[in-house]
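What you see is a predicted model, and the numbers here were worked out from it, not measured in a lab. Atoms within a ligand are numbered from 1 in the order they appear, just like the ligands themselves. Any value given below was found using the heavy atoms of this structure, including those in side chains, with hydrogens, waters and symmetry copies removed.
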Amino acid sequence: MNRYWSPGVGNLTPYSPGEQPAGEHVVKLNTNESPFGPSPLALSAIQEAATDSLRLYPDPNAAALKEVLARYHGVSPDEIFVGNGSDEVLALAFLALLKHDAPLLFPDVTYSFYRVYCKLYGIGLREIPLSDSMEINTKDYDQHCGGIIFPNPNAPTGIGLPLVAVEDLVAAHPHAVVVVDEAYIDFGGESAIPLIHRYSNLLVIRTFSKSRSLAGLRIGFAVGHVGLIEALNCVKNSFNAYPLDRVAIAAAIASYNDEKYFQTNRIAIMTTRDALVQKLSAMGFEVLPSIANFVFMRHPAVEAPLLAKPLREMSIFVRHFAQPRINQYLRVTVGTATECARLVDALSDMVGKQKSAFE
Ligand SMILES: *Cc1c(COP(=O)(O)O)cnc(C)c1O
C-alpha cells in the first residue's frame, strides 16, 4: 500500500485463486477445471475467428451467443446476460441486485468470492451455518434480508439442493433476489432455469469453465426475468461494454453446437467421481455426497495439511482451505481415471493401506 491508493483499497480482502502450477506431469486437481480439452468444434471456431476481423470490436450484446443459449435453455434472449466468466457476472449481480439495507444471506461454508464482493461493494452480509451434515437448510434463511446467494451444488461441499427446496426459498422471498450459482449443475444437479418464468426474483448463473472445458476463455452467463437482466446490462454498460471478445463468442457458440462431446465428458466425469468416492471411502475417508466435479473429504486419522503437502511434493495438487469448520477437509477435482488412480495410490500409501489399482 502507498499514498497513491484510493481510500478503502488497502482494506479489501481479495480472493485467492488456486495455484496454476507449470509442468507436464502435474496432476492438477485443485481448481475444478475439466480434465478434458474443449470441444474440437470450439477449437476450430477459435481458429476461424482469428482473422482480420479482430481489428473490429465484438458485438457488445453478444446477440448470436444469446440466441444459442436461449434456444438451448428454453428462455428468450432478453432473459440472458453474458459476461467475462461467471465471476464477472457475479460481481455485476452483487452491484446491480444485491446491495440493499438488509444483509445478504449465504452459507458459512461456500464460494469464498461472495465475501470478497460484499467487502468490495460495502454490502452487509450474514453467514448462515450449514447443518452438521454440511447441508443447506432453507428454513434457516427464513429472515429479513436484502438477497440470498448460494451455489447449487454448493462449493466446496459438492452437496446439491433439490429443485423443490430451491423453489421454496425463491417463493418465500418475493421481495429479495435469490441468486443460484450453478457452476457445477451439469454434474448431476437439477437446474433452476425453468423456474425463471414463474419467479421474477430468481437469477441463475452459469459458467463455461467447468463442464464445457473453457476456463481459459472466461465465459459466464446469467438467466432471469428481463427486469433483472436490465439491471445487469445497466451496470455492465457503465463498466465494460465488451466483456466477451470475438474469439470467446465464437467458441461458446461452437461448444453448444457439440452436444455429444459435452454429454460424453460430463458423464465420464460423473462415472469417475463415483468410482473415486468408492476408493476413497474404502481407505477410510469421509467423503461428502457430491454431485459436482469434485469431492470434499477428510480422513479421521490424518490431518488434511499432512496429506496436501506430500501430495504436492509428488506433483499432485489438491485444494486445502485453512478456514474454520473445513480445515480438516481436502477438495479434490475429479480428473481423468488415470489421474484419479495416481491420487488414490499416493493417498493409500499415506493413510497406511494397501495400494490398489483404480478401476
Ligand atoms: C468456478 C466457480 C465460479 C467461477 O467461474 P468462472 O466462470 O470461471 O469465473 C463461480 N462460482 C462457483 C461456485 C465456482 O466454483
| request: Evaluate the criterion ring-ring contact (aromatic ring centres under 6.0 Å, His included) for residue pair Tyr111 and Tyr15; output intermediate values, then yes/no. | output: CA-CA 10 Å; Tyr111 189 38; Tyr15 176 75; 5.8 Å; yes
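Residue-to-ligand polar distances keep Tyr114 apart from ligand 1: every N/O pair is separated by 3.5 Å or more.
Taking atom 12 (C) of ligand 1 as the reference point, the nearest protein heavy-atom neighbour is Asp181 OD2, 3.4 Å. The nearest protein atom to atom 5 (O) of ligand 1, hydrogens excluded, is given as Ser86 OG, 2.9 Å; this is a heavy-atom distance. In this structure, the protein non-hydrogen atom closest to atom 8 (O) of ligand 1 is Ser209 OG, 2.6 Å. Considering only non-hydrogen protein atoms, atom 9 (O) of ligand 1 sits nearest to Arg218 NH2, 2.7 Å.
At a heavy-atom distance under 4.0 Å, only side-chain atoms of Ala183, from C-beta outward, approach ligand 1. With a heavy-atom cut-off of 4.0 Å, Tyr184 touches ligand 1 through its side chain alone.
Scanning all heavy atoms of the two residues, the minimum distance from Phe36 to Ser213 falls at O-OG, 3.1 Å. Ala304 and His320 get closest at one heavy-atom pair: CB-CD2, 3.7 Å.
Judged as a salt bridge (Lys or Arg N to Asp or Glu O under 4.0 Å), the pairs with a partner in residues 313-327 (not counting sequence neighbours) are, in order, Asp108-Arg325, Lys309-Glu313.
Between Ile253 and Glu67 there is no side-chain heavy-atom pair separated by less than 4.5 Å.
Relative orientation of the Tyr184 and Phe294 rings is perpendicular, given thresholds of 30° and 60° on the angle between their planes.
For Thr207 and Lys210, the side-chain atoms include no donor-acceptor pair closer than 3.5 Å.
The atoms of ligand 1 that sit less than 4.0 Å from any heavy atom of Lys210 are 1 (C), 2 (C), 3 (C), 4 (C), 5 (O), 14 (C), 15 (O). Atoms of ligand 1 found under 4.0 Å from any heavy atom of Gly85, numbered from 1 in the order shown, are 7 (O), 9 (O).
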